[in-house]
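Here the structure is a predicted model, which means the values were calculated and not measured. Excluded from the calculations below are hydrogen atoms, water molecules and symmetry mates; all remaining heavy atoms, backbone and side chain alike, are included. Residue numbers run from 1 in the order of the sequence given.
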Amino acid sequence: MKPGRWLPLAVFFALALLLASGVWMSRKPNRDALPSPLINKPAPAFALPVLHEPTRTVTLDELKGQPFLMNVWGSWCVECRVEHPVITRFAETKRVRVVGYNWKDEPADALRWLEQFNNPYWLVIADVEGRAAIDWGIYGAPETFLVDARGVIRWKHVGTLTDAIVANELMPVLERIEAAR
């Protein structure tokens with residue numbers, strides 16, 4: 001038998017193995033989320049207006065001193081509406097300050113949305129043009145960041161928060177931050 005006769009069969013099995021490994025790796029539930037290079041690094045500085053007081057600007061330095069959860073949302077975001085009750089329940093625990101990051105939204109639309117669905121946020125900053133979001137690696141809404149008291153990003157979640165994600169992912173990181181203080 002000539003070795004060349006087995007070549008097509010070997011190529012077939014190699015391709016089948018490659019396909020099977022791709023299917024196996026795609027089982028990962030959050031496979032579309034890109035890992036953030038900012039985890040355990042200082043949060044990017046910003047100076048953004050407060051949604052409810054557009055003449056007042058807030059900086060990252062003003063938020064340092066206590067941990068905070070920053071939730072990226074927009075009135076145009078369908079999944080933000082789904083996530084809103086989860087954020088509201090978490091904010092009601094008063095475990096940490098919950099900062100709303102209103103992204104690429106018209107202020108009037110954002111204010112109307114918060115009036116309709118209630119405002120769980122300790123503070124809402126507005127990034128109408130989305131420029132500060134680039135430094136944070138924000139590429140969609142909703143996204144959520146946990147920042148420690150020193151201004152270091154400790155956790156990021158891309159997509160809709162659920163009660164299970166809060167309990168199983170966010171809370172353990174928050175507890176580690178609290179224990180380190």
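Linking ILVMFWY side-chain heavy atoms closer than 4.5 Å, directly or via other members, places Trp122 and Val124 in two distinct hydrophobic clusters. One hydrophobic cluster holds both Val98 and Val86 under the rule that ILVMFWY side chains link at heavy-atom gaps under 4.5 Å. Hydrophobic clustering places Leu60 together with Val50 (ILVMFWY residues linked when any side-chain heavy atoms are closer than 4.5 Å, directly or through intermediates). Residues Val78 and Ile87 do not share a hydrophobic cluster, clusters being chains of Ile/Leu/Val/Met/Phe/Trp/Tyr side chains in contact below 4.5 Å. In terms of hydrophobic clustering, with Ile, Leu, Val, Met, Phe, Trp and Tyr side chains grouped at heavy-atom distances under 4.5 Å, Val147 and Ile125 are assigned to a common cluster.
Within the model, atoms SG of Cys80 and CH2 of Trp113 stand 6.0 Å from one another, a figure rounded to the nearest 0.5 Å. Between the CG atom in Asp105 and the CG atom in Leu51 there is a gap of 8.0 Å [rounded to 0.5 Å]. To the nearest 0.5 Å, atoms CZ (Arg176) and CG (Leu146) are separated by 10.0 Å. Rounded to the nearest 0.5 Å, atoms CG (Leu174) and CE (Met171) are 5.0 Å apart. For the atom pair Arg89 CZ and Asp163 CG, the distance stands at 4.0 Å (nearest 0.5 Å).
Of all heavy-atom pairs between Pro49 and Pro54, the closest is CB-O, 3.6 Å. Considering every non-hydrogen atom in both Pro67 and Val96, the closest pair reads O-CB, 3.9 Å. Closest non-hydrogen pair, Pro172 versus Glu169, comes out as CD-O, 3.4 Å. Looking at every heavy atom in both residues, Ser75 comes nearest to Asp109 through OG-CB, 3.4 Å.
Centroid-to-centroid, the aromatic rings of Trp73 and Tyr101 stay 6.0 Å apart or farther.
Heavy atoms of other residues, nucleotides or ligands lying less than 6.0 angstrom from CD of Glu106 number 12 at most. More than 12 heavy atoms of other residues, nucleotides or ligands sit less than 6.0 Å from atom CD of Glu62.
A donor-acceptor pair shorter than 3.5 Å can be found between the side chains of Glu79 and Thr160.
Leu114 is listed as a side-chain neighbour of Tyr121, based on a closest heavy-atom distance under 4.5 Å. For the pair Asn119 and His52, the minimum side-chain heavy-atom distance is below 4.5 Å. You'll find the side chain of Glu178 reaches within 4.5 Å of the side chain of Arg95, heavy atoms only. Looking at Lys64 and Val152, their side chains never come closer than 4.5 Å, going by heavy atoms from C-beta outward. Using a 4.5 Å heavy-atom cutoff, the side chains of Pro120 and His84 are in contact.
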(message) Show, in sequence, the C-alpha distance, side-chain angles and deciding distance for Trp155 and Phe145, and conclude whether the ring-ring contact (aromatic ring centres under 6.0 Å, His included) test is met.
(response) CA-CA 6 Å; Trp155 180 79; Phe145 298 81; 9.0 Å; no
(message) One pair to check against side-chain contact (heavy atoms from CB on, under 4.5 Å): Arg97 and Leu63. What are the steps and the verdict?
(response) CA-CA 9 Å; Arg97 299 171 296 167; Leu63 295 176; 4.1 Å; yes
(request) Begin from the C-alpha positions of Leu123 and Val58 and carry the test side-chain contact (heavy atoms from CB on, under 4.5 Å) through to its verdict. (result) CA-CA 10 Å; Leu123 173 76; Val58 171; 4.0 Å; yes
(message) Assess the residue pair Ile39 and Arg154 against the criterion (side-chain contact (heavy atoms from CB on, under 4.5 Å)); give the C-alpha distance rounded to whole Å, side-chain angles, the decisive distance to 0.1 Å, and a yes or no.
(response) CA-CA 5 Å; Ile39 301 297; Arg154 297 298 177 182; over 6 Å; no
(message) Test salt bridge (charged side-chain N to carboxylate O under 4.0 Å, His left out) on Lys156 and Glu143; report intermediate values, then the result.
(response) CA-CA 7 Å; Lys156 177 182 179 182; Glu143 290 187 24; 3.4 Å; yes
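Asp148 contributes a side-chain N or O that, together with a main-chain N or O of Arg150, makes up a donor-acceptor pair within less than 3.5 Å. Under the 3.5 Å distance criterion, the side-chain polar atoms of Asp135 are left unmatched by any main-chain donor or acceptor of Pro44.
Relative ring orientation between Phe46 and Trp136 is described as tilted, the plane-to-plane angle lying within the 30° to 60° band.
One finds no salt bridge joining Lys104 and Asp127 here, because no Lys/Arg side-chain nitrogen approaches an Asp/Glu carboxylate oxygen to under 4.0 Å.
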